[in-house]
**Q** 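Sharing a structure here in structure tokens format.
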There are 2 protein chains.
Amino acid sequence: METVNKKILLVEDDPNFGIVLKDYLSMNDFDVVLAKNGMEGFEKFKKDNYDICILDVMMPYKDGFTLAKEIREKNEHVPIVFLTAKTMKEDVLKGYKAGADDYLNKPFDSEVLLMKIKAILQRKASSTLADSRKFEFTIGQFQLNSKLRFLKFKDEEPIKLSPKENELLRLLALHENDLMPRELALTKIWRDDNYFTSRSMDVYIAKLRKYLKVDESVEILNIHGEGFRLVVKTEE
Amino acid sequence: METVNKKILLVEDDPNFGIVLKDYLSMNDFDVVLAKNGMEGFEKFKKDNYDICILDVMMPYKDGFTLAKEIREKNEHVPIVFLTAKTMKEDVLKGYKAGADDYLNKPFDSEVLLMKIKAILQRKASSTLADSRKFEFTIGQFQLNSKLRFLKFKDEEPIKLSPKENELLRLLALHENDLMPRELALTKIWRDDNYFTSRSMDVYIAKLRKYLKVDESVEILNIHGEGFRLVVKTEE
DNA sequence: TAATGCGTTTAACCTAACCTTAACAAAAAT
DNA sequence: ATTTTTGTTAAGGTTAGGTTAAACGCATTA
């Protein structure tokens with residue numbers, strides 16, 4: 001059987017190093033697309049689907065962090081690994097906040113990177129693919145397009161959603177009529193579960209309720225201490 | 001808010017470093033169990049469920065790799081992070097082969113570890129396995145949904161149940177027509193068995209009886225000094 | 001460099017939900 | 001008859017959540 005190779009987006013400004021790494025990964029059965037800065041990286045990311053992104057941090061024309069943020073807005077799940085010469089703690093933390101999956105300090109052994117990539121892809125394979133690519137939802141009389149971040153009611157003008165509004169409503173929709181645990185939203189969207197992120201989430205719930213009010217058959221219920229439930233009353 | 005903290009198994013032979021790390025993680029809302037070698041680590045692992053394991057590599061009485069393999073045999077999914085002083089490539093590779101999720105070289109910044117842990121748990125949050133707990137019960141003409149915490153009588157509006165009401169009714173339902181010992185409910189739900197918790201439970205029994213009153217075929221009987229019995233009279 | 005706009009967080013205030021405790025009554029056991 | 005256990009209701013205190021508005025941070029524009 002011929003398995004399709006995994007696709008890697010490699011963004012690295014040092015041309016020598018980039019080529020060497022690309023060749024090494026290609027030899028190990030990956031399809032590698034090389035971009036030489038953040039700008040180019042984002043263009044290439046938009047044009048194709050990648051299984052994993054490997055980003056250099058320090059680059060001209062958009063650094064790795066900025067690129068990571070943009071990638072995360074487009075795709076919540078694609079694994080991101082940072083490469084960096086710096087060992088600055090702040091940078092590492094910044095990287096994780098930007099949604100990194102892993103971090104590798106230069107110089108590193110290419111074989112180690114390879115193992116990391118394999119480990120990450122393996123993890124991803126075992127986790128649910130189901131929800132990772134679903135972007136369109138029907139919620140009562142609404143249409144949610146989570147990729148383009150808008151919510152449309154019947155034929156009215158679509159409401160633009162902010163990233164957080166969008167992700168939260170999407171999570172609720174993925175669990176329609178079922179419990180969407182607080183904790184899940186906090187870890188997946190806010191990347192931290194504490195008092196403040198929790199209150200922030202409540203603010204967003206209020207915003208969503210406001211949007212959804214025009215359709216009486218749709219509502220967001222609270223399950224005290226557990227989370228929320230997006231219910232769609234099916235007309236009897 | 002009563003979110004249950006994530007549990008970390010930390011296996012580290014250096015007592016000073018171990019304690020410091022444990023305290024740091026505890027301060028950040030993790031429940032940390034510290035073991036001081038591989039042997040002890042495995043014993044503790046078997047006795048409880050952990051959300052993540054952090055293992056030192058070089059330890060007396062069973063090293064980190066061996067421990068990781070044993071843990072993997074018991075649990076395929078629990079994330080494992082290695083800590084090591086060595087930068088040996090072979091060790092890193094060995095670690096990934098043993099099923100590591102991540103790798104951190106000493107000395108490392110504890111804040112970095114914290115971010116790594118959060119990143120890993122966040123990844124895991126998406127693949128939350130369906131809880132094998134039983135959540136739905138039919139009690140006479142009632143439907144109890146214990147996950148969404150409501151009790152529905154025929155086609156009427158569901159009654160929302162509080163966590164305690166819900167857990168108690170669920171326990172009774174699990175023992176339908178049979179004795180549900182006081183002590184069981186007190187230890188499982190109240191986590192303490194004393195005069196006050198016992199009286200509190202009686203209050204909840206009264207509340208449940210009120211809810212269940214609309215269906216004559218269902219009632220909660222007391223077995224003096226023993227516990228309660230949820231009986232459903234099968235129509236003759 | 002300041003002003004503006006946008007998304008998000010934090011603060012503030014209020015209500016609802018929840019749990020415990022107390023009080024008293026009734027039933028069961030001793 | 002007295003003690004212990006249970007039934008029930010109501011009061012009190014604590015925490016979670018609903019909501020609005022102000023503050024903040026960041027990027028873009030003037």
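Being a predicted model, the structure only gives us computed values, none of them experimental. All chains are named by letter (A, B, ...) in the order of the sequence lines, taking the proteins before the strands, and each is independently numbered beginning at 1.
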**Q** Who are the ring-ring contact (aromatic ring centres under 6.0 Å, His included) partners of A/Phe142, not counting sequence neighbours?
**A**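 Applying ring-ring contact (aromatic ring centres under 6.0 Å, His included) to A/Phe142 gives A/Phe153.
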**Q** Take the C1' atoms of the five end pairs on each side of the helix from C/dT1-D/dA30 to C/dT30-D/dA1, get both axes, and report the angle to 10 degrees.
**A**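 The angle separating the two end axes equals 20°.
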**Q** Distances under 3.5 Å between protein N/O atoms and the N/O atoms of nucleotides 25-28 of chain D, please, pair by pair.
**A**
none

**Q** Spell out protein contact along nucleotides 13-22 of chain C as letters: B when the base is contacted, S when just the sugar-phosphate is, - when no protein heavy atom is under 4.0 Å; keep the 5' to 3' order.
**A** ----SSBBBS
**Q** Distance-only check: which donor-acceptor pairs under 3.5 Å involve side-chain atoms of residues 172-179 of chain B, not counting sequence neighbours?
**A**
residue  : atom : partner  : partner atom : Å
B/His175 : ND1  : B/Leu179 : O            : 3.4
B/Asn177 : OD1  : B/Val232 : N            : 3.1

**Q** Using a cut-off of 4.0 Å on non-hydrogen atoms, how would the nucleic acid contact of B/Asp202 be classed: base, sugar-phosphate, or nothing?
**A** base
**Q** How many angstroms lie between atom CD1 of A/Ile220 and atom CD1 of A/Ile205, to the nearest 0.5 angstrom?
**A** 5.0 Å
**Q** What residues form a salt bridge (Lys or Arg N to Asp or Glu O under 4.0 Å) with A/Lys7, not counting sequence neighbours?
**A**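 For A/Lys7, the residues satisfying salt bridge (Lys or Arg N to Asp or Glu O under 4.0 Å) (neighbours in sequence not counted) are A/Asp48.
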**Q** What salt bridge (charged side-chain N to carboxylate O under 4.0 Å, His left out) pairs are there with at least one residue in residues 195-209 of chain B, not counting sequence neighbours?
**A**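 The answer is B/Arg182-B/Asp202, B/Arg199-B/Asp202.
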**Q** By salt bridge (Lys or Arg N to Asp or Glu O under 4.0 Å), which residues pair with A/Lys36, not counting sequence neighbours?
**A** A/Glu40
**Q** Quick one: which residue pairs count as a side chain to side chain donor-acceptor pair (under 3.5 Å) with a foot in residues 219-228 of chain A, not counting sequence neighbours?
**A** A/Glu219-A/Lys233
**Q** Under the side-chain hydrogen bond (donor to acceptor under 3.5 Å, both in side chains) rule, collect the residues that match up with A/Asp155, sequence neighbours excluded.
**A**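 With sequence neighbours excluded, A/Asp155 shows a side-chain hydrogen bond (donor to acceptor under 3.5 Å, both in side chains) to no residue whatsoever.
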**Q** Excluding sequence neighbours, so at least two apart, what forms salt bridge (Lys or Arg N to Asp or Glu O under 4.0 Å) with A/Arg149?
**A**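 Listed in chain order: A/Glu73.
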**Q** Considering residues at least two apart in sequence or located in another chain, which fulfil the side-chain hydrogen bond (donor to acceptor under 3.5 Å, both in side chains) criterion with B/Lys46?
**A**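 Applying side-chain hydrogen bond (donor to acceptor under 3.5 Å, both in side chains) to B/Lys46 gives none.
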